[in-house]
Amino acid sequence: MRLPTWEELASVEEQLNVLECPLDQSLFVVGPPGSGKTVLAVRRAQMVAEAQPDVLVVTYNRMLRRLVALMIDGSIEAQTMQRFVWYDYYDRIGEWPPCDTRDSFAYIWPTMMARMKRGQIRPNRPHLVVDEGQDLPPEFFEYASRYVARTMTVFADEDQALKRECTTLEQIKQATGLDDPAMLSQNHRNTPEVSRLAEHFHSGRLPAAAVHRPTSGELPRLIWSENIKSTMTTISNWYQNTGGSIGIIIDRNNMGQALRDGLTHRLPGVRVDIYTHNQQNEDTINVLKDGITVVNKGSAKGLEFATVFIVELDQFVPCTNDMERRAMYMMCTRARDNLFLVYGPGDLTTMAVAALPGTDVLERP
Amino acid sequence: MRCPAAQLVYLGVVEWFTGRGLVVDQKVVFLKNAITDEVKMPVTLPQWLQDLRRDEITERVGNDPRSVGRKVLGVDKDAVMDEVIGWGQADFDEPWGTLSSDDRVLLYAYFLQLRHLEELAEAFRMLFAGTHPNDPIIVDLGCGPFTGGLAIASALGADTRFDYVGVDRSCAMRRFGEQLASAAARLDAMPHNVRHWSPSLASVSWNEAPGWRDVIVIVSYLFASPTLDVAALIAELEGLLSRLGGGRVTVLYTNSARQGVNLSFPVFCDTLQNAGFQLYADDTGNIEIKRRTGARTHRLRYALFHRDRQSILRLGAQ
Ligand SMILES: C[S@@+](CC[C@H](N)C(=O)[O-])C[C@H]1O[C@@H](n2cnc3c(N)ncnc32)[C@H](O)[C@@H]1O
């Protein structure tokens with residue numbers, strides 16, 4: 001019997017090289033948390049921009065738009081989908097886009113598309129780069145590929161979709177005519193410990209990325225907190241001892257506001273920001289700088305912090321459906337090094353406790 | 001893809017391979033310097049595995065009050081192969097005469113498993129000479145009593161964690177498989193191993209999210225049955241593989257060298273190649289065995305397929 005050896009079969013790590021893909025060609029990439037989608041999106045936009053200005057990066061949430069803007073340092077346009085479509089449509093048609101009367105954010109796409117068609121509108125940008133594409137409606141992809149740019153680079157991960165009605169990869173493919181997506185497979189962000197906890201909540205079909213960082217020896221920790229004051233003490237002590245960037249993920253904005261106020265008071269001179277949808281204050285927040293950023297789960301998408309505190313854990317577990325599991329998965333993977341799940345003052349329900357992994361993955365109080 | 005990213009990846013692989021002497025445009029991929037030379041060292045199973053077989057199989061058969069003279073478990077030795085275990089193709093879940101289904105499985109392990117075990121152990125010894133996969137998932141198709149699992153455990157050693165997915169339509173086979181597996185775990189031969197038993201590929205319960213772990217598929221002596229629907233089997237295998245993730249997949253096929261039992265092999269081979277596998281070995285050959293009772297040579301049919309990590313996520317139709 002003669003067989004080759006495993007060593008000879010195992011090829012060198014083959015990853016799609018997003019940055020080597022010709023710039024005049026469309027590209028569809030899926031990648032789990034930590035696989036560098038945003039960095040690659042920005043890099044690709046910058047490379048296109050060197051030859052052709054008018055490149056546009058589009059995101060769904062405003063905090064991610066802000067992060068992209070900070071990374072590209074104003075050299076390229078970055079917009080949320082809502083805002084971009086609002087002005088784009090106005091520029092092309094001379095009217096504001098029609099919206100659902102109850103919700104000014106819900107565009108009436110069929111009417112808009114018909115107007116664009118009648119106006120014989122043609123794409124007017126060389127390239128459109130989309131990050132976290134699963135959060136944008138399928139109609140946007142149709143609008144974009146028909147009327148905005150013929151070449152598109154789309155990054156997506158439906159396993160992190162927060163809405164029940166997320167856009168599937170199939171829908172993106174169909175709306176844009178893109179080919180099947182290439183997969184990113186390496187996680188350079190999370191420690192293996194953080195990744196293991198996140199994977200506990202992972203559901204979906206995209207393979208979790210292989211973690212590249214060495215083990216840190218620090219398991220994510222479950223923390224019981226008697227009241228908001230003790231939560232603040234925990235976080236401010238952590239900041240004083242460790243520093244770095246801290247993300248606090250909350251469920252209710254009044255909790256976030258209280259944490260921000262208390263922490264600002266306790267940590268004079270330290271950046272403590274809260275982003276809320278009502279204030280739309282993302283442009284005053286520099287998430288790349290050390291300090292504390294309070295966000296709700298919807299705005300946490302795409303961001304990363306050295307340490308993450310998920311407070312109000314009782315609002316996020318037990319995950320009774322895939323959508324809630326995806327939210328936990330997304331929130332946990334925001335943490336590069338350390339992750340704390342905070343609950344209290346009441347006990348977690350039996351179901352919530354059962355939804356958490358064992359002590360080999362999550363340290364208990 | 002409109003973007004030749006896939007092509008880039010492909011070129012990378014070819015370049016890498018050609019650097020090491022791969023001839024690509026042939027059906028069987030020859031790694032010129034790579035193929036392990038015919039190993040002259042005879043196969044001996046590790047001591048724990050010999051002990052395990054003695055405790056769980058040979059002594060149980062030997063000590064059974066029904067085993068006297070030419071009879072094993074009350075059945076004439078000459079009748080066992082053809083009638084009781086049907087050369088491994090019997091319906092083991094049915095009792096046979098005075099024998100329970102568990103008796104039939106025990107006799108399978110007594111008469112046939114050792115040989116299959118030695119062949120697989122030898123194949124894995126060659127495959128893992130040098131380095132071996134870390135934390136792989138083993139999918140054993142028509143697993144019988146944990147045969148592939150024991151062979152893998154002996155080749156990987158006690159320190160390597162692996163998941164074992166044993167698929168066998170026979171409940172009695174799976175039951176005895178788990179008995180052998182727990183005995184091996186008790187002997188510390190595979191302390192970090194997790195087992196998942198299932199009657200079919202489609203019903204494998206795999207709760208982990210898809211990842212990039214290496215997968216090794218074992219198809220040992222499954223193909224004797226002329227009724228086996230190979231294309232359907234591979235379609236089901238693909239279904240499981242996509243649930244496991246996008247990692248590398250190696251398929252090892254072993255069987256008797258007799259022509260008649262390999263009739264489905266060409267279809268198997270074509271279907272795997274259509275699914276992106278490359279054929280790395282396809283031959284009939286010998287291995288040398290050293291048993292307590294003396295040395296012997298086995299002749300067997302074997303093949304090895306391999307598929308690299310998936311770089312594209314294949315989307316279904318809308
Ligand atoms: C000859 S035994 C081989 C067992 C083991 N692979 C070995 O080498 O010792 C064949 C096994 O395949 C199982 N089998 C046959 N057809 C099958 C099928 N369609 N699906 C699952 N298992 C099957 C039988 O129950 C039997 O245990």
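Letters go in sequence order (proteins before strands), and every chain restarts at 1.
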Open item on the list: If we define contacts as heavy-atom pairs under 4.5 Å, which of B:Gly211, B:Gly245, B:Gly247 has the most with chain A?
Closed with: B:Gly211
- [ ] For residues A:Leu3 and B:Ala281, report the shortest heavy-atom separation together with the two atoms involved.
- [x] CD2-CB, 3.8 Å
Task: A:Met1 side, atom CE; B:Glu119 side, atom CD - distance, nearest 0.5 Å - done: 7.0 Å
Open item on the list: So which residue, B:Asn207, B:Leu244, B:Asp214, ends up with the most heavy-atom pairs under 4.5 Å with chain A?
Closed with: B:Asp214
Task: Considering all heavy atoms, the nearest B:Gly246-A:Pro207 contact - done: N-CG, 3.7 Å
Task: Heavy-atom neighbours of A:Met351 CE exceed 12 at 6.0 Å - done: no
- [ ] For the residue pair A:Arg205 and B:Leu315, establish whether any side-chain heavy-atom pair is separated by less than 4.5 Å.
- [x] yes
- [ ] Using a cut-off of 6.0 Å, state whether more than 12 heavy atoms not belonging to A:Lys297 lie near its atom NZ.
- [x] no
TODO: Select one option (side chain, backbone, both, neither) describing which atoms of B:Thr284 are under 4.5 Å from chain A's heavy atoms.
DONE: neither
TODO: Indicate the atoms forming the closest heavy-atom contact of A:Ala208 with B:Trp212, along with that distance.
DONE: O-CD1, 2.7 Å
Open item on the list: Which atoms of B:Gln310 are under 4.5 Å from chain A, going by heavy atoms: the side chain, the backbone, both sets, or neither?
Closed with: both
Task: CZ/B:Arg299: more than 12 non-hydrogen atoms of other groups inside 6.0 Å - done: yes
